[in-house]
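Below is one structure, written out as structure tokens; the observations come after it.
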Number of protein chains: 2
Amino acid sequence: MLPAGQPKFRRRKADRPEEIVRAALTVFASKGFAAARLEEIAAEAGVSKGALYLYFATKEDMFRAVVAQGLAPNLAFIQAAAASAPAFADLARTLAALLPQVAERAPIAAIAKMVIGEARNFPELARVWHDQLVGPVIATFAHAIAAAQARGEVRPGDPRAYAVSLASGLLLGLVFNETFAPVGAAPFDIPALARQHVETVLAGMLTNPGARP
Amino acid sequence: MLPAGQPKFRRRKADRPEEIVRAALTVFASKGFAAARLEEIAAEAGVSKGALYLYFATKEDMFRAVVAQGLAPNLAFIQAAAASAPAFADLARTLAALLPQVAERAPIAAIAKMVIGEARNFPELARVWHDQLVGPVIATFAHAIAAAQARGEVRPGDPRAYAVSLASGLLLGLVFNETFAPVGAAPFDIPALARQHVETVLAGMLTNPGARP
DNA sequence: TGCTAATAACTGACTGGTCAGTTATTTATT
DNA sequence: AATAAATAACTGACCAGTCAGTTATTAGCA
């Protein structure tokens, strides 16, 4: 019996890798690395399992590609913002407004969850994420904070710890929603949480908090 | 050939379950649920694989036992602290000093990592953790914060979001150390981080921050 | 106090199912 | 007709869970 109409597949060598990575992200993010089935990734990508192996050598390679994809854009984004910020408080407020938007589009939280969860099984991924994203971001912030301390804008204290304090509210909110909203928890309004958190921490960090919005 | 000396095992029905749960925690925490091998848990517990099934019906049951073990003591601890705190700022400072000690003894961070990572595969565990630990803790804090707002101690703002702001620094620090210290990252001094974070957030929350330590 | 029978904690080889990865074959495309 | 993208049936390794047999321990009896 010939369906005659549509061909049963198309040859689309150029588009497949991206589609497969996107599908792999979806499945890895919801199941974790080990529990993810290649059949499911293939189905999600609209392709057979064998076809995956035309573009990736192993399941681990797919995982690496997914994690790598979540890396480059974010760091560039943050460092650009840091470079162009006049005062420290402005940088913090700008990021607090922008990051929730980024998090809505790109599944940072899902990827971060995976990196955290699989760090012991894929130490080289944890290393790449630390060396290329988390470390530089903390360092960038700490540097900006230390400079602000030198100018007398920010109170004394460990700049790295201040960086963690600033970022932690948003991150914890994202992880909370990702983890507990599916089981019925009232989710946080992330942009609102980010705004209040950053204003609160800034008010605690700055020597002269000035006008609170 | 008779070894004659030591017997090849001891019968210790009473102690086994606890030992197995401890071993399972070690292995689950380092490998994640799916990648953990029962042979390894058995070896860690000093027992054969078959013996595990004398005490637990399935691998999932062992996971449940591990997660449950990390639950009860913590909530009781926090609610006791909340009940006996005179002013809100004291409660926050007390917990900031005590929680790092708790985290050193009990592997809260490791268990939390597992719950987060496996939440999609074990929704009922995520639900239990939310309903019995995370939710009540947030609610307890939010309640204390709302009361402090009514007394004019704390500035206006969403009490739940304030609760997240307070707790997030410590939690993120714990997760950071757990995830990135093994790959060479400089770990945070958790008690110091907790102290600075809570003082910073308190200074941003309180209407009259008063004397800063 | 020693000897033996009965019990159940424990072992480790085995099995059945699952799934990452391979390959023979089909199909779209030039 | 030639090429290579894609499929789908296949293989082999791995591992959760089982169970027949072994051994430590206790109970009963002398």
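Basis for what follows: all heavy atoms, side chains included, without hydrogens, waters or symmetry-related copies. In the text below, chain A, chain B and the rest are named by the order of the sequence lines, each starting its count at 1.
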Q: Locate the shortest heavy-atom distance separating Ile190(A) from Pro100(A); write the atom from each residue and the value.
A: CG2-CB, 4.0 Å
Could you pull out all donor-acceptor pairs under 3.5 Å where a side-chain atom in residues 18-28 of chain B meets a protein atom, sequence neighbours excluded?
residue	atom	partner	partner atom	Å
Glu18(B)	OE2	Arg22(B)	NH1	3.4
Glu19(B)	OE1	Arg12(B)	NH2	3.3
Glu19(B)	OE2	Arg12(B)	NH2	2.2
Thr26(B)	OG1	Arg22(B)	O	3.1

Q: Starting at CG of Asp189(A), measure out to CG of Leu193(A) and round the result to the nearest 0.5 Å.
A: 8.0 Å
Q) Less than 4.0 Å between a side-chain N and a carboxylate O, is that true for Glu199(A) and Arg195(A)? A) no
Q. dA5(D) P sits how many Å from Asp15(A) CG, rounded?
A. 13 Å
Q) By a strict heavy-atom criterion of less than 4.0 Å, which residues belonging to residues 27-37 of chain B are in contact with DNA chain D? A) Ala36(B), Arg37(B)
Q | Phe33(B) backbone acceptor or donor facing Lys59(B) side chain under 3.5 Å | A | yes
Q. What one-letter contact string describes nucleotides 7-14 of chain C from 5' to 3', where B marks a base within less than 4.0 Å of any protein heavy atom, S marks contact via sugar-phosphate atoms alone, and - marks no contact?
A. BBSBBB--
Q: Could you tell me whether the side chain of Gln101(A) and the main chain of Pro191(A) form a donor-acceptor pair under 3.5 Å?
A: no
Q: Starting at atom CE of Met62(A), determine the distance to atom P of dG21(C), rounded to an integer number of angstrom.
A: 7 Å
(Q) Expressed as a whole number of angstroms, how long is the span from Asp61(B):CG to dA16(D):P? (A) 14 Å
(Q) Between Asn177(A) (side chain only) and Phe188(A) (backbone N and O only), is there a donor and an acceptor less than 3.5 Å apart? (A) yes
**Q.** Degree of bending in the helix from dT1(C)-dA30(D) to dT30(C)-dA1(D) once both end axes are built from five pairs, to 10°
**A.** 0°
Q.
Measure CZ/Phe56(A) against P/dA6(D) and give the value in whole Å, please.
A. 13 Å
Q.
Using only atom types and a distance under 3.5 Å, with no angle test, would you say the side chain of His197(B) pairs donor to acceptor with the backbone of Gly169(B)?
A. yes
Q.
In whole Å, I'd like the distance from the OH atom of Tyr53(B) to the C1' atom of dT15(C).
A. 13 Å
Q: Please report, rounded to the nearest Å, how far the C1' atom of dT18(D) is from the NZ atom of Lys59(B).
A: 17 Å
Q | With sequence neighbours excluded, residues passing side chain to side chain donor-acceptor pair (under 3.5 Å) with Asp131(B) | A | none
Q: Carefully, step by step, assess Arg120(A) and Glu178(B) under the rule side chain to side chain contact (heavy atoms under 4.5 Å, CB included).
A: CA-CA 9 Å; Arg120(A) 285 286 204 329; Glu178(B) 185 90 10; 3.9 Å; yes
Q: Applying side chain to side chain donor-acceptor pair (under 3.5 Å), name anything that partners Glu44(B), two or more places apart in sequence or on another chain.
A: none
Q. For Leu38(A) and dT18(C), what is the distance between atoms CG and P respectively, to the nearest whole Å?
A. 16 Å
